[in-house]
K.L.:
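Please read through the structure below; I'll follow up with questions.
Whatever order the structure lists ligands and atoms in, that order sets their numbers, starting from 1.
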Amino acid sequence: MPKLSIRDLDLKNKHVLIRVDFNVPLSEDGSEITDDTRIRETLPTIRYALEHKAKLILASHLGRPKGKPNGKYSLRPVVDRLRLLLDHSIGEKINVAFAPDCVGEIAEELSRQLESGQVLLLENLRFHPEEEANDPAFAKKLASLCEIYVNDAFGTAHRAHASTEGITHHVKQAAAGLLMEKELNYLGRALGLGDSATVPAKPFISILGGAKVSDKIGVIENLLGKVDALLIGGGMAYTFLKAKGQNIGKSLVEADKVELAGEMLRKAEAKGVRFLLPTDHVLADRFAPDAATQIFSGTGDFPAEWMALDIGPETVKTFAAEIAGASTIVWNGPMGVFELPKFAAGTTAVAHAVADNKGAVTVVGGGDSVAAVQQAGVASEISHISTGGGASLEFLEGKKLPGVEALTEKS
Ligand code: AMP
C-alpha cells in the first residue's frame, strides 16, 4: 500500500515537523560542516513545505552523542548553512531559528511563535537516550510540537527510534517527504513492489561488491528471486571462488561463509539466475598503495602469497557488456580496493558502464559505490543515488523499514 506523501497534505498554517537527515560530517572541533550533501538532498522537501506556508520544524540526529548533550555534535552549525542554502534555493531570506533542546519548554515556545514560511531547527535528537530507545513519552513530547509529521530521513528509516517510528503514534498524519518518496519509488520499483506498473524492466541485473559476503547475504537471497543476473566483485567474490574450489592465495575470505556461498551458487543455478564472478584479477603482493601487481586470469591457483585487490580487465569487459544490455541495474559495493589508485580501475569502469547505459533505470547505493560514481564524475548520469547505506541494503534484503511502515497509508 503506498504511503501518504507530503504532497497529499494541506500544510498551510500548520506546524509540520520534518524528520530530516542532517547527520553531516563536521570538522574536528565540530564548528564547520565539511560536506553539506545531506542538507541539500532534503531541500526540495523543505522548500515544498515553505512554499505551501507551513510552520516548519526540523528534527535530526548528528553523530553518536550516546544520549548526552555534547557540543561536538550540536546541530547549531547547520543553521547558517541552511539559511544560505535556502536563500540560494528560494531566492529570499528565510527565518531559521534554533532550539537548544529538541523537547521541553523552549522548543514548545519557539514552535508556538513560528509563523508560516518560517523554520525552527531542533537540537540533536540523540542528546536524549529516549530517542534511540523509542521511548513513548519522549515521542509524545516531540509530537506535541506539530500537527503533521513528515519523514524525509530515509537513511535512518531502518531504525525504530522515537523520531522515526514512535512519533507516528501520536500524530494524525505521518507522511513521506519528497526524498523519502523518491528512495521508495526507485528501490521499490527495482524490487517489483507496488502495482504491476512498477515491475522492474528486464533484464534486471544487480552488481554487488564490497568487503564481506556476510553483509550482503540477505540482499543476494532476496535478489535471487528477482534478477536475471548477479555480478559479483570486490573482496566478497573470493569467498565464492573459494567455494568453487579455487585457491585464492591471501585474498580476503570469510572461512565460515564458504559453505553458505556454495549454497548460494547452487540456488542461483536452480533458479536460472546467472551468477557472474570475476574471471581475472589484479593481484598484489601486499595490501599497500605501492604493492607490486600482476594480472591473473583463469580458474587455477593464485600464487600463494598474493591477494586479489581488484577485478581484472577481462572481467571489466564482461561486466560492462552485461551492464550495457540491462534495463534495470542496482549497484551496491565497490569492485576492489578503490581507495587505492592501483586498485580502482574495476570500480571506475563499472561506474562509467552504469552511467553510459542511458536507457536503463540505474540505482546506486552504499557509501563506497556512491563515492565511486562521484569520483568518476558520473553521479549526475545515474537515475537514483540512494542516500541511505544501511537502509537501502535492508530494503534490498526485502526487510520492512520501521520508519516507512509507520507512515500513514494513502486512503
Ligand atoms: P563494504 O563496506 O562491505 O561495502 O566494503 C567496502 C570496502 O571493501 C572498501 O573499503 C574496499 O576497499 C574493500 N574491498 C573491496 N574489494 C576488496 C578486495 N578485493 N580485498 C579487500 N578489500 C576490498
K.L.:
Identify the closest protein heavy atom to atom 6 (C) of ligand 1: which residue and atom is it, and at what distance?
P.N.:
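Answer for atom 6 (C) of ligand 1: Asp368 OD2, 3.0 Å.
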K.L.:
Can you name the one residue among His161, Glu131, Glu132, Arg19 that meets side chain to side chain donor-acceptor pair (under 3.5 Å) with His61?
P.N.:
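The single option meeting the side chain to side chain donor-acceptor pair (under 3.5 Å) with His61 is Arg19.
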K.L.:
Which of the numbered atoms in ligand 1 are below 4.0 angstrom from a heavy atom of Ala308?
P.N.:
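Under 4.0 Å from Ala308, ligand 1 has these atoms: 18 (C), 19 (N), 20 (N).
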K.L.:
Pick from Val363, Thr362, Ile382: which one makes a side chain to side chain contact (heavy atoms under 4.5 Å, CB included) with Ile329?
P.N.:
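Going through the options one by one, the only one that passes is Thr362.
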K.L.:
May I ask you to test the Leu191-Leu223 pair for a side-chain heavy-atom distance under 4.5 Å?
P.N.:
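In contact.
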K.L.:
Any atoms of ligand 1 less than 4.0 Å from a non-hydrogen atom of Leu309? List them with their elements.
P.N.:
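Reading through ligand 1 atom by atom, the close ones are 19 (N), 20 (N).
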K.L.:
Please state whether Gly336 comes within less than 4.0 angstrom of ligand 1, counting heavy atoms only.
P.N.:
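Checking ligand 1 against Gly336, which is what was asked, there is a heavy-atom contact under 4.0 Å.
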K.L.:
Could you tell me, atom by atom, which parts of ligand 1 come under 4.0 Å of a heavy atom of Gly210?
P.N.:
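Matching atoms, with element in brackets: 1 (P), 3 (O), 4 (O), 5 (O), 6 (C), 8 (O).
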K.L.:
State whether Glu181 and Arg7 are salt-bridged, where the test is any N-O pair (Lys NZ or Arg NE/NH1/NH2 against Asp/Glu carboxylate O) under 4.0 Å.
P.N.:
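A salt bridge links Glu181 with Arg7.
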K.L.:
Just to confirm my output: which protein heavy-atom neighbour is closest to atom 23 (C) of ligand 1, and how far is it?
P.N.:
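Checked against all protein heavy atoms, atom 23 (C) of ligand 1 sits closest to Val337 CG2, 3.5 Å.
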K.L.:
Among Arg38, Lys182, Glu183, which one satisfies side chain to side chain donor-acceptor pair (under 3.5 Å) with Thr387?
P.N.:
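Testing each of Arg38, Lys182, Glu183 against Thr387, the sole residue satisfying side chain to side chain donor-acceptor pair (under 3.5 Å) is Glu183.
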K.L.:
Identify, for atom 3 (O) of ligand 1, the protein heavy atom at the shortest distance, and state residue, atom and that distance.
P.N.:
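Protein heavy atom with the smallest distance to atom 3 (O) of ligand 1: Ala211 N, 3.1 Å.
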K.L.:
Would you mind running through ligand 1 and noting each atom that sits below 4.0 Å from a heavy atom of Asp215?
P.N.:
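What qualifies from ligand 1 is 3 (O).
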K.L.:
Give the ring-plane orientation class for Phe154 versus Phe395, where under 30° counts as parallel, over 60° as perpendicular and anything between as tilted.
P.N.:
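Correct class here is perpendicular.
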K.L.:
Would you confirm whether the ring centroid of His281 sits within less than 6.0 angstrom of the ring centroid of Tyr238?
P.N.:
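Distance test on ring centres: under 6.0 Å, yes.
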K.L.:
Quick test: of every protein heavy atom, which one is nearest to atom 16 (N) of ligand 1, and how far off is it to 0.1 Å?
P.N.:
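Of every protein heavy atom, Gly235 N, 3.1 Å lies nearest to atom 16 (N) of ligand 1.
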K.L.:
Identify the closest protein heavy atom to atom 9 (C) of ligand 1: which residue and atom is it, and at what distance?
P.N.:
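The protein heavy atom lying closest is Glu339 OE2, 3.2 Å.
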K.L.:
So Gln118 and Ile94, do their side chains get closer than 4.5 Å, heavy atoms only?
P.N.:
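A side-chain contact under 4.5 Å is absent here.
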K.L.:
I'd like to know whether ligand 1 has Met307 as a neighbour, heavy-atom separation below 4.0 Å.
P.N.:
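So Met307 does not count as touching ligand 1.
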